[in-house]
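Read the structure below first, then the notes.
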Amino acid sequence: MARLTRSWFDRDPRELAPLLLNKVLVSRDGPTVLRARITEVEAYCGSTDPASHAYRGCTPRNATMFGRPGHLYTYFVYGMHWCANVVAGAPPDDAGAVLLRAAVPIAGLDVMRARRWTGRTRESARRDIDLLSGPAKLAAAFALDRTHDGLDLTRGAIGIYDDGTPPPGSPQQTVRIGLRAGRGDREPWRWLTPSV
DNA sequence: ATTAAGATTGGCT
DNA sequence: GCCAATCTTAATA
């Protein structure tokens with residue numbers, strides 16, 4: 001498996017996003033190894049994109065987006081969830097990122113289950129396919145939070161790898177999810193690996 | 001100082 | 001399909 005490099009991430013988020021499909025997110029924590037194949041992503045384009053956290057310029061919260069491509073940008077939403085982005089390339093003083101929206105678990109499912117599902121979770125809701133089937137689910141299963149904001153994906157314990165599986169030749173493409181009307185909700189910048 | 005909105009999720013009708 | 005949960009951030013006063 002080849003780890004993706006800094007220069008590989010240095011592309012416009014709309015180019016980078018579909019290339020991330022079928023890549024493998026890997027987290028190593030001592031004996032624990034988590035692996036998952038990325039299947040859904042969204043591109044966010046900084047100052048030109050009303051839906052982007054960077055639309056109104058650099059703030060303490062989004063500063064990582066203005067930094068180096070290939071780093072992790074994590075943010076807190078709805079008072080309870082974390083989501084994870086990969087910082088993409090952008091023009092000088094601008095920002096871009098790709099939101100990791102979903103993945104298929106490959107290894108470390110037990111750890112993912114323990115992090116995702118408390119005793120309160122209904123048994124019928126505990127399906128492996130739903131372990132990473134949303135941006136906050138993925139972040140929770142990989143334990144990504146404030147402490148991972150700015151983390152370098154090209155070095156260290158967490159990275160993205162090419163295992164030889166190419167991105168889908170014809171990815172599914174739709175408008176982005178969860179955006180307010182008129183706030184970039186018409187841009188078709190969501191890509192998915194076709195389910196079959 | 002106050003406030004509105006948020007790149008979501010899971011349980012319930 | 002509807003809606004509550006939960007709290008940070010940034011904009012406004």
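In what follows, every chain begins at residue 1, and chains take the letters A, B, ... in the order their sequences are listed.
Residue contacts for L99(A): at a heavy-atom cut-off of 4.0 Å it reaches a base atom on one of the strands shown. No contact: R183(A) has no heavy atom under 4.0 Å from any strand. At a threshold of 4.0 angstrom between heavy atoms, the contacts of A51(A) include nucleobase atoms, whether or not backbone atoms are also involved.
Atom OH in Y75(A) sits roughly 15 Å away from atom C1' in dC7(C) (whole-Å rounding). In this structure, CD of E123(A) is placed 15 Å from C1' of dG11(B), rounded to the nearest angstrom. Per the geometry, CZ belonging to R120(A) stands 18 Å off P belonging to dT9(B), to the nearest Å. In this structure, the CZ atom of F76(A) is 16 Å from the P atom of dG6(B), given to the nearest Å. Here the C1' atom of nucleotide dT9(C) and the CH2 atom of W82(A) are 11 Å apart, to the nearest Å. Atom CD1 of I129(A) and atom P of dG10(B) are 14 Å apart (whole Å). In this structure, CG of D130(A) is placed 14 Å from C1' of dT8(B), rounded to the nearest angstrom. One atom, CZ of R180(A), and another, P of dA4(B), lie 12 Å apart when rounded to the nearest Å.
Side-chain N/O atoms of H81(A) include none lying less than 4.0 angstrom from OP1 or OP2 on dT6(C). Considering only side-chain N and O atoms, R101(A) lies under 4.0 angstrom from the phosphate OP1 or OP2 of dT8(B). The side chain of R122(A) contributes an N or O atom lying less than 4.0 Å from OP1 or OP2 of dG11(B). Contact check, R146(A) against dT9(C): a side-chain N or O comes under 4.0 Å of OP1 or OP2.
Ring stacking is absent between Y78(A) and dA5(C), as the pair misses the limits of under 5.5 Å between centres and under 30 degrees between planes.
Considering only side-chain atoms of R61(A), the nucleotide from dT8(B), dA10(C), dG10(B) that sits closest is dA10(C). Distances were taken from every side-chain heavy atom of P60(A) (C-beta onward) to each of dA10(C), dT9(B), dA7(B); the shortest belongs to dA10(C). Side chain of Y44(A), nearest nucleotide from dA5(B), dA7(B), dT9(B): dA7(B). Here the nucleotide nearest the side chain of M80(A), chosen from dG11(B), dG6(B), dA5(C), is dA5(C).
Residues Y73(A) and I160(A) are members of separate hydrophobic clusters, defined by side-chain heavy-atom contacts under 4.5 angstrom among Ile, Leu, Val, Met, Phe, Trp and Tyr.
Mapping R116(A) and Y73(A) onto DNA chain B by nearest heavy atom places Y73(A) at the nucleotide closer to the 5' end. Nearest-nucleotide mapping onto DNA chain C: of R56(A) and V77(A), the residue sitting toward the 5' end is V77(A). Judged by closest nucleotide on DNA chain B, G178(A) is the one of T121(A) and G178(A) placed further toward the 5' end.
Within 6.0 Å of atom CZ in R6(A), more than 12 heavy atoms from other residues, nucleotides or ligands are found, so the atom counts as buried in its surroundings. Heavy-atom contacts from other residues, nucleotides or ligands closer than 6.0 Å to CZ of R126(A) number more than 12.
Using a cut-off of 4.0 Å between Lys/Arg side-chain N and Asp/Glu carboxylate O, E40(A) and R190(A) are scored as salt-bridged. Using a 4.0 Å cut-off between charged side-chain N and carboxylate O, R146(A) and D149(A) make no salt bridge. Between R113(A) and D128(A) there is a salt bridge, since a side-chain N of the basic residue sits under 4.0 Å from a carboxylate O of the acidic one.
Shown here, dT8(C) forms a base pair with dA5(B); the pair counts as Watson-Crick or G-U wobble because both key distances fall under 3.5 Å.
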